[in-house]
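Below is a structure I'd like to ask you about.
Throughout, protein chains are lettered first and strands after them, A, B, ... in sequence-line order, and every chain is numbered starting at 1. Hydrogens, waters and symmetry mates are skipped; everything else that's a heavy atom, side chains included, is used. Just so it is clear, the model here is predicted, and its values are computed rather than measured.
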Amino acid sequence: MILSPSFYRQEDVVQIARSLLGKVLVTKVEGSYTSGIIVETEAYEGITDKASHAFGGRRTSRTEIMYENGGVAYVYLCYGIHHLFNVITHTKGVPHAVLIRAIEPLKGLEIMLKRRHKLLLKPTLTNGPGVLSQALGITTKLNGKSLQGADLFIEDIGISLLPENIVATTRVGVAYAGKDALLPYRFYIQGNAFVGKAKGL
DNA sequence: CAAACGATTTTCT
DNA sequence: GAAAATCGTTTGG
């Protein structure tokens with residue numbers, strides 16, 4: 001079943017980040033469906049989190065979407081090269097977000113391989129926030145889109161994880177955030193081959 | 001209006 | 001292991 005708006009509007013963004021593990025992110029871009037099981041996430045706790053774009057309540061044209069009601073996508077370009085996909089959570093006015101860092105390919109494998117210019121299925125196909133967006137065809141065109149749409153949603157396919165299989169640790173690439181960089185806001189499925197290994201492990 | 005800077009990935013040494 | 005690639009957003013003049 002597709003995750004409902006009420007799922008995204010829970011108050012605890014860290015709990016949502018944990019809950020998204022094992023769910024399936026589905027996109028339909030240029031007529032083709034692609035999907036993958038979410039195996040790694042990071043929580044960005046709004047105005048109190050120095051690593052968040054909305055830290056201190058900053059509102060700019062880019063971050064405005066973060067203040068929307070939970071259940072929309074926040075996609076932005078990083079390093080001029082990579083599109084990073086986030087889920088906006090909590091209610092209107094509270095800029096919480098969850099970054100999807102890695103997925104395990106599920107459907108549309110051929111299309112994902114083609115988009116990534118690969119021939120074989122390897123973890124590098126979708127094991128980072130930039131590359132999974134490329135594989136799923138996610139670009140800034142999806143910024144602000146509802147996660148209830150026919151071409152972008154997250155569904156629960158009945159995967160349940162044991163607590164001991166969920167690892168909580170520090171986030172990646174946010175050293176500039178000072179003590180907030182030490183918060184255990186990153187979650188991943190223990191032992192999954194598609195969890196990012198590029199950094200910090 | 002000009003300049004600096006990334007919630008990263010790939011490639012070269 | 002180190003460095004380049006690359007551009008929209010943000011910040012300062």
Side-chain angles (χ1 to χ4, degrees), chain A residues 8 13-14 16-18 20-21 25 36 38-68 70 72-90 94-105 112-145 147 154 167-188 193-201:
Chain A
Y8 300 106
V13 66
V14 176
I16 293 175
R18 185 194 301 265
L20 282 173
L21 293 177
L25 174 60
I38 297 169
V39 298
E40 183 179 358
T41 64
E42 281 181 4
Y44 285 84
E45 196 166 32
I47 65 175
T48 64
D49 181 356
K50 205 170 182 181
S52 169
H53 291 157
F55 173 67
R58 290 172 74 241
R59 295 186 92 114
T60 65
S61 54
R62 180 176 63 161
T63 62
E64 191 61 31
I65 197 66
M66 298 179 75
Y67 292 83
E68 263 309 307
V72 299
Y74 169 44
V75 183
Y76 79 100
L77 188 63
C78 185
Y79 294 98
I81 304 173
H82 305 289
H83 298 270
L84 303 207
F85 177 80
N86 296 253
V87 171
I88 297 304
T89 73
H90 210 292
V94 184
H96 287 185
V98 176
L99 169 68
I100 307 302
R101 288 196 60 86
I103 63 171
E104 177 178 329
M112 291 193 270
L113 287 170
K114 193 172 180 181
R115 285 184 183 138
R116 293 274 294 127
H117 307 108
K118 304 267 185 189
L119 294 176
L120 299 171
L121 174 57
K122 294 181 184 175
T124 54
L125 186 69
T126 56
N127 72 348
V131 295
L132 81 82
S133 293
Q134 188 180 352
L136 292 177
I138 293 171
T139 67
T140 53
K141 289 178 185 173
L142 297 183
N143 190 39
K145 275 207 151 198
L147 297 175
I154 299 176
V167 181
T169 183
T170 54
R171 292 175 292 185
V172 176
V174 295
Y176 61 86
K179 65 176 173 53
D180 285 338
L182 302 177
L183 294 168
Y185 281 3
R186 171 169 167 246
F187 300 94
Y188 63 88
F194 292 88
V195 171
K197 299 185 182 70
K199 280 184 158 184
L201 287 182

Problem - A/Ile81 side chain, from C-beta outward: closest of C/dA5, B/dA7, B/dT8 - result: C/dA5

Practice task
Would you please determine if the base of B/dA7 is stacked by A/Tyr44, with stacking meaning a centroid separation under 5.5 angstrom and planes under 30 degrees?
Solution key: yes

Handout entry: Residue A/Thr60, side-chain atoms from C-beta onward, closest of B/dA7, B/dT9, C/dT9
Key = C/dT9

Exercise for the section: Rounded off to whole Å, could you give me the CZ-to-P distance for the A/Phe85 and B/dT8 pair? Expected result: 16 Å

Handout entry: Phosphate-side-chain proximity, A/Arg116 and B/dT9, N/O vs OP1/OP2 below 4.0 Å
Key = no

Exercise for the section: Using distance alone, with no hydrogens and no angle criterion, decide if A/Arg115 and A/Gln134 have a side-chain donor and acceptor under 3.5 Å apart. Expected result: no

Practice task
Using atom CG of A/Asn86 as one end and atom C1' of B/dT8 as the other, report the distance to the nearest whole Å.
Solution key: 14 Å

Practice task
Can you tell me the pairing partner of C/dG1 across any strand shown, Watson-Crick or G-U wobble, with both distances under 3.5 angstrom?
Solution key: B/dC12

Handout entry: Touch class at under 4.0 angstrom, heavy-atom based, for A/Arg171 against every strand present
Key = nothing

Handout entry: Spacing between A/His82 atom NE2 and C/dA5 atom C1', to the nearest angstrom
Key = 8 Å

Problem - N/O (side chain, A/Tyr176) to phosphate O (OP1/OP2, B/dC5) under 4.0 Å - result: no

Practice task
Spell out yes or no: do the side chain of A/His53 and the base of B/dA7 have one donor N/O and one acceptor N/O closer than 3.5 Å?
Solution key: yes

Fill in the blank from the handout: To the nearest angstrom, the CD-P distance between A/Glu45 and B/dA7 comes to 18 Å

Practice task
Describe the nucleic acid contact of A/Ser61 in one word from base, sugar-phosphate, nothing, applying a heavy-atom distance below 4.0 Å.
Solution key: sugar-phosphate

Fill in the blank from the handout: Any strand, both distances under 3.5 Å, Watson-Crick or G-U wobble: B/dA7 pairs with none

Practice task
In whole angstrom, give the distance that lies between atom NE2 of A/His83 and atom C1' of C/dT6.
Solution key: 11 Å

Problem - Rounded interatomic separation in angstrom, taking CG from A/Asn143 and P from C/dC7 - result: 19 Å

Practice task
Determine, stepwise, if the pair A/Val172 / A/Glu42 fulfils side-chain contact (heavy atoms from CB on, under 4.5 Å).
Solution key: CA-CA 9 Å; A/Val172 176; A/Glu42 281 181 4; 3.8 Å; yes

Practice task
From the options C/dG8, C/dT10, B/dG6, select the nucleotide whose nearest atom is closest to the side chain of A/Arg62.
Solution key: C/dT10

Practice task
Could you tell me whether the side chain of A/Glu68 and the main chain of A/Ile88 form a donor-acceptor pair under 3.5 Å?
Solution key: no

Practice task
Rounded to the nearest angstrom, tell me the gap between atom CG in A/Leu84 and atom P in B/dT8.
Solution key: 6 Å

Problem - Whichever of A/Lys118 and A/Val98 has its nearest DNA chain B nucleotide further upstream toward 5' - result: A/Val98

Exercise for the section: Give the rounded distance in Å between these two atoms: CZ of A/Phe55 and P of B/dA7. Expected result: 14 Å

Practice task
Go through the steps for A/Asp180 and A/Val174 under the test side-chain contact (heavy atoms from CB on, under 4.5 Å), then give the verdict.
Solution key: CA-CA 9 Å; A/Asp180 285 338; A/Val174 295; over 6 Å; no

Practice task
Name the closest nucleotide to the A/Arg58 side chain, picking from C/dC7, C/dT10, B/dA7.
Solution key: C/dT10

Exercise for the section: Report yes if some heavy atom in the side chain of A/Thr89 is under 4.5 Å from a heavy atom in the side chain of A/Val98; otherwise report no. Expected result: yes

Practice task
Would you confirm whether A/Arg101, through its side chain, and A/Phe187, through its main-chain N or O, come within 3.5 Å as a donor-acceptor pair?
Solution key: no

